[in-house]
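Below is one structure, written out as structure tokens; comments come after it.
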Amino acid sequence: MQTALRGLVLAVLLFAGGPALAANAPGIFIVGVDGMDPEILERLMSEGEMPNFAKLRAEGTFQSLATATPPQSPVAWSNFVTGMNPGGHGIFDFIHRDPATYTPISSATPPVDDPGSAIDFFGWKIPTSTPEVVNNRGGIPFWDVLKQRGVEAEVYRIPGNFPTPPSEARVLGGMGTVDVRGGFGTYTLYTDRPPADEDPKGDIQLVALQDLDLDGQAETATGVLRGPPDQFRMEPGQIPGTKDYLAKGVTIHLAPGQQTAVVEVAGSRALLLEGEWSDWMEVTYDALPLGLAPVTGTVRFYAKELGPGLQIYASPVNVSPSSPAVPLTSPDDFVTEIYEAIGFYYTQGMPEETDALKDGVFDDDDYLKQVALVQEDTKRMVRLALERFEPGDTTFVYLSDIDLQCHMLWRHDDPKYPDAPPHPAHDPATADDHRHDIERFYKDVDDELGEIRKALPAETLLIVMSDHGFQPYTRKLHLNAWLRDNGYLALLDGKRTGQIVVGDVDWSKTKAYGLGFNGLYLNLAGREAEGIVDPAETDALVAELSQKLEAYRDPEDGARVVLRVDRASEVYSSERRAEGPDLIVGYDRGYGASDESTLGEITEGVIEDNTSRWSGNHLMSPDVVPGVLLVNRKLSGNGYDLTDLTVTILAHYGIDPVQGMVGEAIRGISR
Amino acid sequence: MQLFNSISTTVFDVLLAPFGHGVALFDLILWPALLGVMAILVYKAVSNQAALTRVKSQISMRLLEIRLFSHDIVQVLKSTGSILWKNTIYLGNHMIPMAVMIVPFMAVMAQLVANYAYAPSPTGAVELLHVKLDPESGVSSQDVQLAIPDGVALEVPAVKTADGQVFWRLRADEPGDHVLSVFVGDEIYEKHWAVGGDDRKIPTRRLRGIESFLYPSEPTLPAGGPVLSMEMDVHSRSLPFLPDGELGVVLWTLILSLGAGFAVKGVFGVTI
């Protein structure tokens, strides 16, 4: 229904606007570099480390680009895609909440009221109706506007485009695209000893090496590779448990003493030396007998340790681009078109395997080897985008590495504040080897820009932009614990700790709660299931919370923790504002929400060191993490933001912004 | 099986020679079409044409009954039951022709697959050679060794499994039709690896027993020997207008031969 409505609105808005206007405009090539920071870029350009960026700056313009409120990737990219703020497009955070249950939910897909139905047929659950899963992002993507007005648009790995909305433009989704299990990427580790992390996010399988030929050397281990949920055995709407996934057997044959192994799965094999990654291997799971409902995924294995212990790592099983079980692109076959041109590639939205590094399954070297594979994919995809680019087209390509490497590697050496004290997760034993990794990734992007500029027609409008910048993340605030200590949140039975999702909160005494990375919600009567805050008291409560949060100081050194608290009513347009938080907590540089509080946990302490390898961040006040804007044109103004860029892309072709877009065309680019 | 494969391969090497391997479509049109025509003639010769004509007429009559007496549910049910029975008889009449044709049909398909479904590995490719031993032979995988020719490099040490499998990861440094020699005790088993160069017949698997019928490019492995199979990873050949590799050749051969057979059945007065 939502899809149909979107289509209708689009048709009315666009066809009313007249015929194609784009005949003679030179094309636009947009390079979206997630997380590129203007200060780091400026420094590296001035040091001569990024000659292609420096050249672009000299020929055109370089300035910072204001990010979204809050500066989270799904929010910021949705601003860019639609030209709206979150009040328009409805993406407020990575995590939203269901006011009826207070539970955290994905911002990408709203919960469905009707889980569908099925009939039981000898133990098989044959669906008779299935819920329509739609993308929660509202508004009209710029590529749809362009396409409707006769401009060819191709978009590669755009965040927040899964579930894939229908479109005439060629669009491949990026961040937010799921693996075959339906999550954001679950790795598997086959190991003969448990990992250090007590609560790893992956599927850890303890395997025992067996001596099948009784020669005194154990050399064979078996495990399983879990794939999609076994939907024909589950009730509609059931959340899959560990045993509810289809699985394929994995056999590992070791060559004792030689540090080699053969990994077999679903008829495919790879022979690996210790420290090597396999190529992609296709795995087909059969949800029904006789191959009636196949789901094909792709996986690659990494031989982390083949002696004396065993650690074989399997990537999340990606949806195969050769025969995708769910639409990953619009039109549906674009994903296969890309596959036919460049071979297998990561379809998972965030392919860098940060969970393995956070869990201690990977060390930095393992992680960087995997990142190199993603970089190869990206290069091949950018080459393809350039080959397909025709004058007059608009093409967008997305580079993810700077964002994720700043998240994961900042702890080794601060690239913005070299005199800052070491990060709490700093490890002197590994820091020397990785001190300049972040700068290296910046230089890789510079090389990529050089290749892009060589391939593009000279008159093409080239835009390099990022959704936000970066800061260190050294201290984490447990927002719900702060709310408890300040009398805004109460737990049942006099407890001090607990979790919202398991019902530990006494809602009859709770005025506000935190969910998501920057969201603060009032327990509003008439909106929340057990709301107690009278709507008439909202303004006063919001003002009080804002004042207290902004006044809060870190007990360790007296530093300000929250730079700015924004009221949704002031920073968001009204269309979908009611779906989001009431306050957006903008942390100061170095601070951020804890993972625990983000998911609704109330901890004992309020603030503590961030000892996680996830050591750089941008989920702060938008003031401290602006993005970058580089254009091969001289611009006459500054202070632009992501929504301005959207409107500018349309204006380049002489197209007016569509209803709901809040940006203004950038002077010097638009015609 | 070795004798059959040798004869089949010799015949097809001659038949496919005039057009070569460069333009696969000539052979992929000519031979499936001829196969379809030959199949229809064989079908005519070995099937009971009179019985087929009779049973088809009877089915037509029952269908007419259903149409004429659609108001009479008892008659409709009787006619439907009769149609099902006559259909069974009709299918039964095809058993002998199928039994006669299946071997030549599969032989032609196996030859076309061997010649046109695969491409040589590109120079620089890294592939796995996989040898499987017969557990009944009593030979251990540890007793298996590989000798590689010039132009081929062993990338990493072999993995020899407890269940009698041996894997080598090989890199093709130079083009050529390389011969890999696998030593199993005192015996030597050869496996060919096509690297680089023009399209040609590509060896994929060496098997023993009836299965080797489908892989005629290399000699059948000796029955009773210690080696069950030898397999080299292969690349699918891209074919114009068809799915790549085996699937494309098999589908095309089926469709074109059936089409050709149906097209000429009237000419030869064949009832199917």
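Side chains included, hydrogens not; waters and symmetry mates left out as well; all remaining heavy atoms used. These numbers come from a predicted model, not from an experiment. Chain naming here is simple, since letters A, B, ... match the order of the sequence lines and numbering starts at 1 in each.
With A:Y187 as the partner, the ring pair (Phe, Tyr, Trp, His ring centres under 6.0 Å) test is satisfied by one option alone out of A:F362, A:Y367, A:Y313: A:Y313.
No more than 12 heavy-atom neighbours from other residues, nucleotides or ligands sit within 6.0 angstrom of CG on A:D279. For A:L292, the CG atom sits in a packed shell: over 12 heavy atoms of surrounding residues, nucleotides or ligands are nearer than 6.0 Å. Crowding of B:F26 atom CZ: a count of heavy atoms from other residues, nucleotides or ligands under 6.0 Å not exceeding 12. Within 6.0 Å of atom CD in B:E211, 12 or fewer heavy atoms from other residues, nucleotides or ligands are found, so the atom counts as exposed in its surroundings.
Contact of B:D233 with chain A is not made at all, since no heavy-atom distance falls under 4.5 Å. Only the side chain of A:E264 comes within less than 4.5 Å of a heavy atom in chain B; its backbone stays farther off. Heavy-atom distances place both the backbone and the side chain of A:T260 under 4.5 Å from chain B. Contact annotation for A:Q210: neither backbone nor side-chain heavy atoms come within less than 4.5 Å of a heavy atom of chain B.
Shown here for B:Y215 and B:N5, the closest heavy-atom pair between the two residues is O-ND2, 4.3 Å. Across A:E282 and A:T298, no two heavy atoms sit closer than the pair CG-CG2, 3.9 Å.
Using a distance-only test at 3.5 Å, with no hydrogens or angles considered, a donor-acceptor pair links the side chain of B:T253 to the main chain of B:V249. Judged by distance alone, with hydrogens and angles left aside, the side-chain atoms of A:T222 form no donor-acceptor pair with the main-chain N or O of A:V250 at under 3.5 Å. Within the 3.5 Å criterion, the main-chain N or O of B:L28 finds a donor-acceptor partner in the side chain of B:W252.
Contacts between residues 106-135 of chain B and chain A, defined by a heavy-atom separation under 4.5 Å, are made by B:L128, B:H130. Residues of residues 319-339 of chain A having a heavy atom under 4.5 Å from any heavy atom of chain B: none.
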key: CA sep, side-chain torsions, deciding dist, call: A:N318, A:Q348, side chain to side chain donor-acceptor pair (under 3.5 Å)   = CA-CA 6 Å; A:N318 282 227; A:Q348 177 195 339; 3.2 Å; yes
